[in-house]
Amino acid sequence: MELILFLIAAGIIFYLYKTFQVYLSNPIMPNDKDVLQVQNQQEFIEVKPILTPKEKLKATEYGIIVRILGKLSFVDNKSCILEEKLANGIIEDISKDSDQPKELFLEIYKESEHEDIEKLAELFREETIAQYKKRLKIIEFMFALSYADGNFSKLEEESIISVAAILEIENDDFNYLYDNFKAINEQYEEISKEEALKLLDLQPNFTKEELISKYDKIFEEKRQNVLDPKNLSKPYNDNGGQYLRKISEAYSLLIKEVK
């Protein structure tokens, strides 16, 4: 009996030994599904780029406004003192309100020449849902920039029409702005040297420094912060807009006479 039990135990031990040998020679391998899952996890890991302060600023509402105005300013490759001062003024207001460096906004403005103005308008539309007055004010300011030099080009017109359509500006509101700026521009008359001196409160023997100082002071007093909520319903042309054009023309006339 003892011999039989011994033989059975020996057989079990031998079987376990052979089984263990087979296991060692055939390690467990992951199946195809496991491999694909690991690979897919690696493939779909999203690497988010580190944005510079300027790139972050470009994506904000104010950044988009500056890009739209920059694109419009460069569309006809023309500029004048009034257009430059208006652009600089709104950028200064934006900088103060956002507490972001004016220099960064200026860089964004100057780099907007090759932007797609329709895509920018779509971005601005998303940022200004239920803010119709703000949208309309930006369109008004675009007209002001375009008419600053007295020449409303076809490219400027097409740009403003495209942006207004995307911002869903009502026809009556758009037509009012279009006709108002056009009528004022057609009625505009050139000023004389005497009128220019009077507008800027200068004597005939003025210096360049006096001219620049007077112009800058009057400009800052009369210009409108178009993004200030209290100014959204105040027409640009009736609240300093046309006066800014007159003093800018006076400046351009008198600056030619000084070194």
Side-chain angles (χ1 to χ4, degrees), residues 54 58 62-95 101-118 120-121 124 137-164 177-178 180-182 184-186 188-191 196 199-200 208 211-227 236-237 240-259:
K54 184 166 70 174
K58 288 175 68 174
Y62 279 153
I64 296 167
I65 290 175
V66 171
R67 291 159 71 187
I68 289 174
L69 299 180
K71 174 62 179 180
L72 179 68
S73 293
F74 291 110
V75 75
D76 63 349
N77 294 315
K78 294 180 181 179
S79 185
C80 66
I81 183 64
L82 177 56
E83 185 173 349
E84 292 171 2
K85 293 286 286 185
L86 287 174
N88 187 76
I90 193 173
I91 288 174
E92 186 172 332
D93 293 334
I94 283 174
S95 175
K102 179 181 177 181
E103 292 72 23
L104 279 185
F105 282 114
L106 283 172
E107 287 181 21
I108 293 170
Y109 177 83
K110 294 174 182 178
E111 294 170 0
S112 301
E113 181 177 358
H114 301 295
E115 295 263 25
D116 185 327
I117 201 166
E118 293 185 357
L120 293 176
F124 187 60
K137 197 66 177 180
I138 290 301
I139 294 299
E140 181 185 47
F141 192 72
M142 290 176 74
F143 273 112
L145 282 181
S146 298
Y147 271 104
D149 60 359
N151 179 33
F152 188 47
S153 72
K154 189 66 177 177
L155 290 174
E156 290 171 322
E157 179 180 0
E158 291 173 353
S159 295
I160 296 176
I161 290 174
S162 295
V163 174
L177 292 176
Y178 186 97
N180 181 256
F181 276 91
K182 181 180 179 181
I184 291 175
N185 189 65
E186 290 176 345
Y188 199 81
E189 297 180 357
E190 294 185 1
I191 61 176
L199 279 169
L200 294 174
K208 182 177 181 180
L211 171 60
I212 294 173
S213 177
K214 285 283 188 178
Y215 175 68
D216 288 344
K217 181 181 179 180
I218 297 174
F219 189 91
E220 285 303 315
E221 290 175 350
K222 297 297 182 180
R223 78 176 183 87
Q224 184 185 79
N225 181 347
V226 298
L227 296 177
Y236 172 84
N237 286 323
Q242 284 308 299
Y243 190 77
L244 292 181
R245 184 171 172 186
K246 286 184 178 180
I247 65 166
S248 297
E249 184 178 347
Y251 174 88
S252 298
L253 177 65
L254 297 176
I255 195 67
K256 299 175 183 177
E257 299 192 10
V258 292
K259 295 182 180 180

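All residue numbers in this chain count up from 1 along the given sequence. Any value given below was found using the heavy atoms of this structure, including those in side chains, with hydrogens, waters and symmetry copies removed.
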Subject >> Closest heavy-atom pair and its distance - Glu113, Lys71 >> reply: O-NZ, 2.8 Å
Original post:
For Ile108 and Gly63, which heavy atoms make the closest approach, and how far apart are they?
Top reply: CG2-O, 4.2 Å
**OP:** Kindly indicate whether the side chain of Val66, heavy atoms from C-beta on, has any atom under 4.5 Å from the side chain of Ser112.
**Re:** no
**OP:** Report the C-alpha distance between Arg245 and Asn237 in whole Å, list the side-chain angles of each, state the deciding distance to 0.1 Å, and finish with yes or no for side-chain hydrogen bond (donor to acceptor under 3.5 Å, both in side chains).
**Re:** CA-CA 10 Å; Arg245 184 171 172 186; Asn237 286 323; over 6 Å; no
**OP:** Using a strict 4.0 Å threshold on nitrogen-to-oxygen distance, state whether Glu111 and Lys54 make a salt bridge.
**Re:** yes
Subject >> Step-by-step side chain to side chain contact (heavy atoms under 4.5 Å, CB included) determination, Ile68 to Leu72 >> reply: CA-CA 6 Å; Ile68 289 174; Leu72 179 68; 5.6 Å; no
Subject >> Intermediate values then yes/no, side chain to side chain contact (heavy atoms under 4.5 Å, CB included), Ile160 and Leu177 >> reply: CA-CA 11 Å; Ile160 296 176; Leu177 292 176; over 6 Å; no
Subject >> Over all atoms of both residues, closest heavy-atom pair of Ile90 and Arg223 >> reply: N-NH1, 4.3 Å
**OP:** Measure the shortest side-chain to side-chain distance between Tyr243 and Leu199 over non-hydrogen atoms and say whether it is less than 4.5 angstrom.
**Re:** yes
Subject >> Distance, nearest 0.5 Å, that separates OH of Tyr251 from CG of Leu211 >> reply: 5.5 Å
Original post:
What is the distance from atom CG of Leu69 to atom CG of Leu86, rounded to the nearest 0.5 Å?
Top reply: 10.0 Å
Original post:
Does Lys78 reach the side chain of Glu156, with side-chain heavy atoms less than 4.5 Å apart?
Top reply: no
**OP:** Taking all non-hydrogen atoms of both residues into account, name the closest pair between Ile117 and Met142 and its distance.
**Re:** CD1-CE, 4.3 Å
Original post:
How far apart are the closest heavy atoms of Phe105 and Ser95, and which atoms are they?
Top reply: CE1-CA, 4.0 Å
**OP:** Check whether any side-chain heavy atom of Glu140 lies under 4.5 Å from a side-chain heavy atom of Phe181, and answer yes or no.
**Re:** yes
**OP:** Would you give the length of the straight line joining atom CD1 of Ile81 to atom CD of Glu249, rounded to the nearest 0.5 angstrom?
**Re:** 13.5 Å
**OP:** State, with a plain yes or no, whether a side-chain heavy atom of Lys102 is found less than 4.5 Å away from one of Asn88.
**Re:** yes
Original post:
If you look at every heavy atom in Ala196 and Leu253, which pair is closest and at what distance?
Top reply: CB-CD2, 4.0 Å
**OP:** Determine whether Ile138 and Leu227 make a side-chain contact, defined as any pair of heavy atoms from C-beta on separated by less than 4.5 Å.
**Re:** yes
Subject >> Interatomic spacing from NZ in Lys246 to CG in Leu82 - rounded to 0.5 Å >> reply: 13.5 Å
Original post:
Is the backbone of Lys58 close enough, under 3.5 Å, to the side chain of Arg67 for a donor and an acceptor to pair up by distance?
Top reply: yes
Subject >> Separation of Ile94 CD1 from Leu106 CG (nearest 0.5 Å) >> reply: 10.5 Å
Subject >> Crowding at CD, Glu189 (>12 non-hydrogen neighbours, <6.0 Å) >> reply: no
Original post:
Could you go step by step and tell me if Ser79 and Phe74 meet the side chain to side chain contact (heavy atoms under 4.5 Å, CB included) rule?
Top reply: CA-CA 8 Å; Ser79 185; Phe74 291 110; over 6 Å; no
**OP:** May I ask you to test the Lys85-Asp216 pair for a side-chain heavy-atom distance under 4.5 Å?
**Re:** yes
Subject >> Rounded distance (nearest 0.5 Å) linking atom NZ of Lys208 with atom OG of Ser213 >> reply: 14.0 Å
Subject >> The single option from Tyr236, Phe152, Tyr188, Phe141 passing ring-ring contact (aromatic ring centres under 6.0 Å, His included) against Tyr147 >> reply: Phe152
Subject >> Side-chain heavy-atom pair Val163, Leu120 within 4.5 angstrom cut-off >> reply: no
